[in-house]
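Working notes, beginning with the structure itself.
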Amino acid sequence: MPPGLNPAQQDAVKTLKGPLLVLAGAGTGKTRVVTHRIAELIRSGVKPDRILAVTFTRKAAGEMQERASGLLPKKRKRTNKQAESKKEPRPEISTFHSLCVRILRRHISKLGYPERFTICDRSDQESQARSALREIRAPNAVIKPADLLGCISRWKMGSVLPPDAIGLAETDRDHLAASAYRRYQNNLKKAGVVDFDDLLLLTEQLFVNFPTVRRDEAGRFDHILVDEYQDTNHSQYEIVRGLAMGHRNLCVVGDDDQSIYAWRGAEVTHILRFKEHWPDAKVVRLEDNYRSQSPIIDYANTLIAFNKERHEKRLVPFRIGQAKPRIIQMKDESEEAQRVVADIQQLLEHGGWGLSGEARERFLQENGRDAQVRPSDIAILFRTNEQPRAFEAELRAANLPYVLIGGMSFYDRREVRDVMAYLKLIANPDDEPSLLRILNCPPRGIGDGARKRLVETAVERAVPLWHVLSSGRELPQITDAARRGVYELRDTIEGWRQQAASTPLPKMVERVLSDVRYHAELARLYQDPNDREARTAAIEEVVNAAADFESKQGAKTDGLGLVPDFLDEIATGDRSDSDDKENQLNRDAIALMTLHAAKGLEFPHVYLVGMEETILPHKRSIDMGEVAVAEERRLAYVGVTRARDRLTLSMALTRRKWGKSRDTLPSRFLYEMTGQADNPRYMESKRGKKEPAKGTHKRSTSSKAKSRKANR
DNA sequence: GCACTGACCGTTTTT
DNA sequence: CGGTCAGTGC
């Protein structure tokens with residue numbers, strides 16, 4: 001990237017007042033603009049702590065923080081750095097979710113929730129969904145917990161509350177789901193538990209129903225900046241509006257072409273209609289792409305032009321290059337993996353591109369580095385999580401270092417979740433999902449029978465489960481062993497709650513582990529020493545994370561100490577916490593990840609694999625129709641624009657699914673980006689249909705392209 | 001209360 | 001094919 005800012009970038013940086021929409025295409029220096037703008041605001045006299053920047057991921061927030069602090073005037077004397085950074089006001093840079101947690105911590109009681117709420121995760125949600133369905137006696141065949149969660153999530157994303165959902169229900173099934181939703185929500189509320197969608201939804205409700213709260217929160221900032229605005233859902237839109245409507249100093253940055261989260265409630269309309277929502281808004285377009293070589297940009301532009309609903313823009317490549325993206329076609333998915341891995345091996349051994357002599361010299365001159373490729377320069381991107389399997393196997397066989405980004409995260413592991421459940425109970429013993437989780441783990445004599453009776457009693461008395469254990473009232477008829485277990489558990493948790501304020505956080509975690517004899521439990525459960533060691537290490541990591549958190553936050557000796565704060569941090573943080581994803585990407589290894597996980601990243605060499613109908617436009621999206629396919633196209637666009645130097649698109653002619661192998665069709669996006677499909681938007685259809693794939697197979701792909709088009 | 005077994009069933013992405 | 005879950009036997 002050239003030094004300094006180009007005129008468009010400067011325009012975006014220097015426009016400090018009023019609504020501003022920055023349409024920033026892929027690789028156009030968006031992050032740079034955002035951080036420079038923050039610095040510019042401060043330079044112009046805005047107090048740093050009057051600025052709020054909102055991002056979607058923890059990682060983006062961290063990155064922005066780091067870059068922005070590099071740009072801020074460095075007037076600090078090099079004395080006591082810690083004390084200094086504490087009192088020096090800084091811009092607030094946080095994710096939507098942690099922003100909402102902080103707002104809810106102040107006001108949630110107005111919505112009838114207990115102040116000490118805890119945040120539950122996906123599998124807690126599942127168990128809550130299950131019990132809600134049990135309560136209304138919905139047969140499992142009609143609606144499964146996962147289906148219910150899907151409905152609930154969709155409702156919440158559209159700000160639909162249980163009564164509305166019941167009103168809207170047309171089919172019996174909807175009705176069932178709606179009444180389960182009501183149960184689910186009531187149960188969570190009673191237990192003082194909020195799920196992930198609630199963080200946003202409840203904040204929105206606060207703003208809408210309590211204007212004083214909205215004004216109060218809005219009054220904390222004079223300038224608001226929202227990154228990845230194309231990903232805002234309804235609640236986020238309302239929250240942003242509520243915060244910015246007073247001063248109107250709202251800058252949103254995003255790229256409608258990279259909106260890939262509609263399924264999670266994101267509405268592109270927010271960025272498409274920004275001018276309508278804020279009529280005095282200024283619009284700045286960033287279209288100079290500094291990332292990718294021109295042939296890659298050509299593909300990207302041609303592809304995305306097939307989408308109808310978008311802000312018209314066209315990436316202009318800054319880096320002119322010759323290497324066209326390659327398309328390779330293999331017999332099946334295992335050959336696809338073999339071929340890609342062999343290619344990578346070649347790349348690593350012989351330097352990028354297999355360049356030599358003069359070409360290599362030129363590369364060095366143009367790019368300021370040798371064509372030498374390191375594993376971390378390479379990424380394999382795919383649509384679905386089953387795809388990486390074959391690649392992992394091949395990479396392992398070839399003894400190449402790789403990291404699978406995403407997948408099971410640290411905080412999803414069973415043992416870690418157990419520990420977290422205990423900690424959540426310290427913060428909020430009414431948290432029923434957590435209490436149920438550890439009720440008999442490690443085993444303390446409370447079997448299924450006892451558990452069932454305890455829950456029944458809680459429902460009968462209409463109190464949280466914890467009250468049944470702790471209120472001193474008669475326990476239901478359970479075995480003596482169960483009774484002893486219940487009392488022991490109750491006393492232990494009450495003891496922790498008393499010690500929490502006076503005990504350092506990591507000590508507290510250790511105490512929990514030793515009080516419940518968790519290590520012994522691990523030893524009992526996992527005889528295999530390797531397994532046991534891994535799991536012990538995992539809970540050790542929780543202690544470390546606690547220690548890290550405490551040293552970052554500073555100790556707290558009132559209330560429940562740092563326990564609640566720690567839990568908030570973990571729940572809203574990017575699940576693979578600070579060191580994980582970051583370190584993984586820094587480790588010199590080939591990155592394997594989904595297209596969704598790749599947003600915002602870039603790699604010199606990108607392999608976009610599985611370019612087939614039913615995978616890249618995913619079958620489900622194809623079935624759903626044009627709008628869904630448009631999102632798949634954006635996904636492909638995101639993948640293509642991750643590549644700096646070389647892009648390789650690959651597909652398999654047959655693919656095994658559940659044991660059976662089936663023929664595939666090349667992704668329509670291959671035809672589109674190579675100019676072999678007619679773009680109805682530009683009637684300049686290109687003649688001369690070439691094979692999109694240079695594979696060795698005889699199959700006529702172009703005839704298929706024709707027949708596909710005929711079907712439209 | 002727990003470990004083992006076989007039947008069944010599924011297609012996406014995740015803050 | 002591989003994961004999940006209910007059901008069985010200790």
Side-chain angles (χ1 to χ4, degrees), chain A residues 54-61 94-101 119 121-122 125-126 130 140-141 144-147 149-150 153 156-157 195-201 227-228 231-233 235-236 259-266 333-334 381-387 389-390 405-409 411-412 439-451 479 481-482 485 524-525 527 570-576 581 593-600 610 612-624 628-629 631-632 634-636 638-639 655-662:
Chain A
V54 193
T55 63
F56 279 76
T57 66
R58 189 66 151 338
K59 191 173 148 268
S94 63
T95 63
F96 260 107
H97 291 269
S98 56
L99 176 73
C100 290
V101 170
I119 304 160
D121 61 27
R122 175 75 200 184
Q125 286 185 45
E126 255 161 49
R130 196 161 289 134
N140 209 303
K144 292 193 207 56
D147 302 336
L149 282 182
S153 177
K156 288 191 177 181
M157 288 181 311
D195 66 24
F196 236 81
D197 297 317
D198 283 336
L199 291 176
L200 303 173
L201 183 59
D227 194 14
E228 308 280 17
D231 289 335
T232 43
N233 66 22
S235 301
Q236 285 161 330
S259 159
I260 54 176
Y261 284 106
W263 51 273
R264 211 169 65 190
E333 75 278 349
S334 70
L381 308 181
F382 38 84
R383 171 74 236 258
T384 70
N385 274 318
E386 54 159 9
Q387 284 170 267
R389 259 169 237 229
I405 311 261
M408 225 222 322
S409 101
Y411 291 102
D412 289 340
L439 198 59
N440 199 35
C441 166
R444 50 175 70 85
I446 312 176
D448 278 348
R451 173 203 190 85
T479 62
R524 186 181 69 85
L525 245 36
Q527 262 97 30
I570 303 259
T572 58
D574 166 306
R575 322 162 32 183
S576 41
K581 190 161 174 179
M593 67 186 100
T594 63
L595 288 163
H596 286 88
K599 195 166 75 161
E612 296 147 36
E613 289 288 302
T614 77
I615 295 193
L616 194 32
H618 193 273
K619 174 136 182 6
R620 245 165 123 139
S621 301
I622 296 172
D623 292 346
M624 280 190 297
V629 172
E631 175 147 320
E632 299 281 322
R634 292 192 289 267
L635 212 40
V638 166
R655 192 169 285 269
R656 294 178 86 80
K657 196 138 249 188
W658 310 330
K660 289 189 292 279
S661 112
R662 289 194 45 178

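Any value given below was found using the heavy atoms of this structure, including those in side chains, with hydrogens, waters and symmetry copies removed. Proteins come first, then strands; the chains are lettered A, B, ... in the order of their sequence lines, and each starts at number 1. Since this is a predicted model, take the numbers as computed values, not measurements.
The same atom, C1', is picked in dA6(C) and in dT11(B); the two are 23 Å apart, to the nearest Å.
Taking only side-chain atoms of His596(A), from C-beta outward, the nucleotide of dG10(B), dC2(B), dT13(B) with the closest atom is dT13(B). The side chain of Arg389(A) has dG3(C) as its nearest neighbour among dG3(C), dT12(B), dT15(B). Closest approach to the Trp658(A) side chain among dT15(B), dT12(B), dC1(C) is made by dC1(C) (side chain taken as heavy atoms from C-beta onward).
Atom CD of Gln387(A) is separated from atom C1' of dT12(B) by 10 Å (rounded to the nearest Å). For the pair Arg451(A) CZ and dC2(B) P, the interatomic distance rounds to 11 Å; values are reported in whole Å. Put simply, CD1 on Ile260(A) is 11 Å from P on dT15(B), counting in whole angstrom units. Taking atom CD of residue Glu386(A) and atom C1' of nucleotide dT13(B), one finds them 13 Å apart after rounding to whole Å. Between the CD atom of Glu228(A) and the P atom of dT14(B) there is a distance of 15 Å, given to the nearest Å. Atom pair Glu126(A):CD and dT14(B):P shows a separation of 15 Å (rounding to whole Å applied). Rounded to an integer number of Å, the gap from OH of Tyr261(A) to P of dT14(B) is 6 Å. The CE-P distance, from Met593(A) to dT14(B), rounds to 12 Å in whole Å.
Contact between the side-chain N/O atoms of Thr594(A) and the OP1/OP2 oxygens of dT14(B) is found at a separation under 4.0 Å. Asn385(A) has a side-chain polar atom (N or O) that falls below the 4.0 Å cut-off from OP1 or OP2 of dT13(B). Dashed line: the shortest gap from a side-chain N or O of Arg383(A) to OP1 or OP2 of dT13(B) is not under 4.0 Å.
At a cut-off of 3.5 angstrom, counting only N and O atoms as typed in the model, there is a donor on one side and an acceptor on the other between the side-chain of Lys657(A) and the base of dT11(B). Between the side chain of Trp263(A) and the base of dT13(B), a donor-acceptor pair under 3.5 Å is found.
Lys660(A) comes within 4.0 angstrom of no nucleic acid atom, judged by non-hydrogen atoms across all strands. Using a 4.0 Å heavy-atom cutoff across all strands shown, Ile119(A) reaches no nucleic acid atom at all. Arg655(A) comes within 4.0 angstrom of nothing in the nucleic acid, heavy atoms only.
Legend: residues meeting side chain to side chain donor-acceptor pair (under 3.5 Å) with Ser153(A), ordered by chain and number and at least two apart, are Asp197(A).
For the side chain to side chain contact (heavy atoms under 4.5 Å, CB included) with His97(A), the lone residue among Thr95(A), Leu99(A), Val101(A) that qualifies is Thr95(A).
Take the nearest nucleotide of DNA chain B for Asp197(A) and for His618(A): the residue whose nucleotide is more 5' is His618(A). Each of Thr384(A) and Phe56(A) was matched to the nucleotide of DNA chain B holding its nearest heavy atom; the match closer to the 5' end belongs to Thr384(A).
Between the side chain of Arg383(A) and the backbone N or O of Leu595(A) there is no donor-acceptor pair closer than 3.5 Å. The backbone N or O of Asn233(A) lies less than 3.5 Å from a partner atom in the side chain of Gln236(A), making a donor-acceptor pair.
Ion pairing of Lys657(A) with Glu386(A) is present here, as a side-chain N (NZ or NE/NH1/NH2) and a carboxylate O approach within less than 4.0 Å.
Not less than 6.0 angstrom separates the ring centroid of His618(A) from the ring centroid of Trp263(A).
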